[in-house]
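The block underneath contains the structure these notes are about, expressed in structure tokens.
The analysis underlying the following values was restricted to heavy atoms, covering all of them including side chains, and did not include hydrogens, waters or symmetry mates. In what follows, chains carry the letters A, B, and so on, assigned in the order in which the sequence lines appear, proteins first and then strands, with residues in each chain numbered from 1.
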There are 2 protein chains.
Amino acid sequence: MASDTPHRIVEATANLFQRNGYTGTGLKQISADSGVPFGSLYHFFPGGKEALATETLRWSGRGYATRVAAVLAEGPRDDLAATVRHAFDRAAEDLVATDYVDACPIATVALEVASSNDTLREVTAEIFGEWLQGLDAWLVAGGVPEDQARALSTLFLAALEGGFLLSRAARDPAPLHALGEQVAAQVAAALPTEPR
Amino acid sequence: MASDTPHRIVEATANLFQRNGYTGTGLKQISADSGVPFGSLYHFFPGGKEALATETLRWSGRGYATRVAAVLAEGPRDDLAATVRHAFDRAAEDLVATDYVDACPIATVALEVASSNDTLREVTAEIFGEWLQGLDAWLVAGGVPEDQARALSTLFLAALEGGFLLSRAARDPAPLHALGEQVAAQVAAALPTEPR
DNA sequence: GTCTATAATTTGATAGAC
DNA sequence: GTCTATCAAATTATAGAC
């Protein structure tokens with residue numbers, strides 16, 4: 001169980017998906033990058049590329065949810081808005097530190113398959129849905145009224161995704177930082193103790 | 001000048017990019033869809049696929065900017081927030097009406113090439129930059145203070161892009177509608193006449 | 001079970017007939 | 001200039017030796 005072969009495959013696939021997307025990633029390259037013989041890909045993933053992509057997206061989705069949860073836990077418990085800013089700033093830092101590759105591990109593939117592969121589209125939809133549920137719970141735990149949670153979690157996730165898009169294209173962290181401020185303001189406005 | 005061949009090529013390429021992305025679109029398919037012989041692709045675009053993609057992205061970028069400007073012009077001139085909601089609602093309608101294909105014509109390709117093709121990445125960055133400038137001007141003309149325009153235009157565009165991502169993945173217009181409300185609220189808060 | 005070789009197709013790109 | 005045929009290399013997938 002030392003070096004789990006299927007896991008090595010998924011890990012290499014996840015890295016390649018982030019840089020080259022789904023159609024841009026070849027199974028030969030996955031074999032080469034992971035050091036796993038080509039035939040083993042079909043031994044462990046009889047469903048071929050689509051099955052491997054499904055597993056990779058789910059694994060990446062869980063990993064990213066964990067990372068975001070950890071960053072949100074770092075922030076001050078009594079200041080949701082400050083924590084939102086912190087999360088966007090950390091996302092921007094990670095992006096710059098990794099030469100603009102370490103963004104959302106789902107988005108590129110999600111857009112690629114949205115109109116061309118219904119199986120994988122559903123997988124990305126499930127992952128985004130779980131992320132939104134997690135953000136809902138975090139917002140409600142922080143004092144946001146339940147009936148406003150989904151709108152704000154949607155804003156949080158969409159702004160993060162849009163920020164990744166704009167920051168990666170421009171190779172500039174500024175969009176992500178600005179979006180952190182904007183989302184934080186909107187979250188603050190939803191808190192019942194907020195002055196009006 | 002009746003049926004401009006290079007234009008037919010670009011148009012077919014734009015449609016294929018929206019459904020299958022950059023790496024997912026083959027030149028053979030472009031030739032077939034446009035009805036233009038394969039060799040003509042290299043006659044009109046000697047730079048090959050990258051040159052054709054550059055031209056297609058620029059053409060799609062101008063077209064989408066025009067469409068958004070038209071939608072923004074439809075809204076009430078004295079109510080920026082209502083116009084923002086209207087724009088997101090229209091984007092959602094168009095998305096549903098086209099079976100979730102008619103979203104941003106740049107985003108999919110932008111994410112695909114962000115870490116793999118610097119030439120095309122720069123093209124997408126230029127397009128997003130021009131869009132943001134246009135939104136800045138529209139916001140300022142509507143009464144938003146100049147020093148807040150870029151943050152709000154970034155929120156507008158990022159939320160739209162993130163909304164397209166979430167709505168396409170889930171095949172549900174709800175995220176785009178919710179985001180229209182959120183962005184509208186943030187725009188309203190930036191107007192000097194807004195009550196505080 | 002591990003791995004190599006190869007099949008069948010498609011890719012981007014060129015050569016060259018007309 | 002228009003178009004066909006083809007190239008070399010890539011793709012996903014499979015067969016089968018070890």
Side-chain angles (χ1 to χ4, degrees), chain A residues 1-57 108-109 111-113 115-121 123, chain B residues 1-57 108-109 111-113 115-121 123:
Chain A
M1 76 149 230
S3 71
D4 193 7
T5 301
H7 177 65
R8 288 225 318 277
I9 297 171
V10 166
E11 216 164 20
T13 305
N15 286 334
L16 287 166
F17 277 3
Q18 283 220 345
R19 286 181 181 77
N20 308 321
Y22 178 70
T23 49
T25 297
L27 296 182
K28 287 265 175 58
Q29 199 176 358
I30 293 172
S31 164
D33 282 26
S34 62
V36 171
F38 186 79
S40 297
L41 265 51
Y42 283 90
H43 175 70
F44 291 108
F45 300 94
K49 191 182 187 182
E50 191 177 272
L52 172 53
T54 298
E55 201 71 26
T56 299
L57 288 171
T108 308
V109 177
L111 287 182
E112 283 184 277
V113 304
S115 298
S116 60
N117 185 321
D118 214 55
T119 303
L120 292 179
R121 177 196 63 74
V123 173
Chain B
M1 71 151 233
S3 71
D4 193 7
T5 300
H7 177 65
R8 288 224 318 277
I9 297 171
V10 166
E11 216 165 18
T13 305
N15 285 334
L16 287 166
F17 278 3
Q18 283 219 347
R19 284 182 183 76
N20 308 320
Y22 177 70
T23 49
T25 297
L27 296 182
K28 288 263 173 64
Q29 199 174 358
I30 293 172
S31 164
D33 282 26
S34 62
V36 171
F38 187 79
S40 297
L41 265 50
Y42 283 89
H43 174 70
F44 291 108
F45 300 94
K49 191 181 186 181
E50 191 177 271
L52 171 53
T54 299
E55 200 71 26
T56 299
L57 288 170
T108 308
V109 177
L111 287 182
E112 282 184 276
V113 304
S115 298
S116 60
N117 185 320
D118 215 53
T119 303
L120 291 179
R121 178 196 62 74
V123 173

Item checked: Contacts of A/Tyr42 that satisfy side-chain contact (heavy atoms from CB on, under 4.5 Å) - sequence neighbours left out -> A/Leu27, A/Phe38

Check: Quick one: CG on B/Asp33 to CD1 on B/Ile30, what's the gap to the nearest 0.5 Å?
Finding: 8.5 Å

Item checked: Residues in salt bridge (charged side-chain N to carboxylate O under 4.0 Å, His left out) contact with B/Arg8, at least two apart in sequence or another chain -> none

Check: A/Asp118: what forms a side chain to side chain donor-acceptor pair (under 3.5 Å) with it, not counting sequence neighbours?
Finding: A/Arg121

Notebook entry, point to check: What distance separates B/Ser34 OG from B/Asn15 CG, expressed to the nearest 0.5 Å?
Noted result: 11.0 Å

Checklist line | Difference in axis direction between the ends of the helix from C/dG1-D/dC18 to C/dC18-D/dG1, five pairs, 10° | finding: 20°

Check: Taking only residues two or more places apart in sequence, or in another chain, which ones meet B/His7 in a side-chain contact (heavy atoms from CB on, under 4.5 Å)?
Finding: B/Asp4, B/Glu11, B/Trp59

Check: When you check every protein heavy atom under 4.0 Å of nucleotides 1-15 of chain D, what one-letter string (B, S, -) results, 5' to 3'?
Finding: SSBBB-----BBBB-

Checklist line | All pairs passing side-chain hydrogen bond (donor to acceptor under 3.5 Å, both in side chains) where residues 16-30 of chain A contributes a residue, at least two apart | finding: A/Thr23-A/Glu112, A/Thr23-B/Thr23

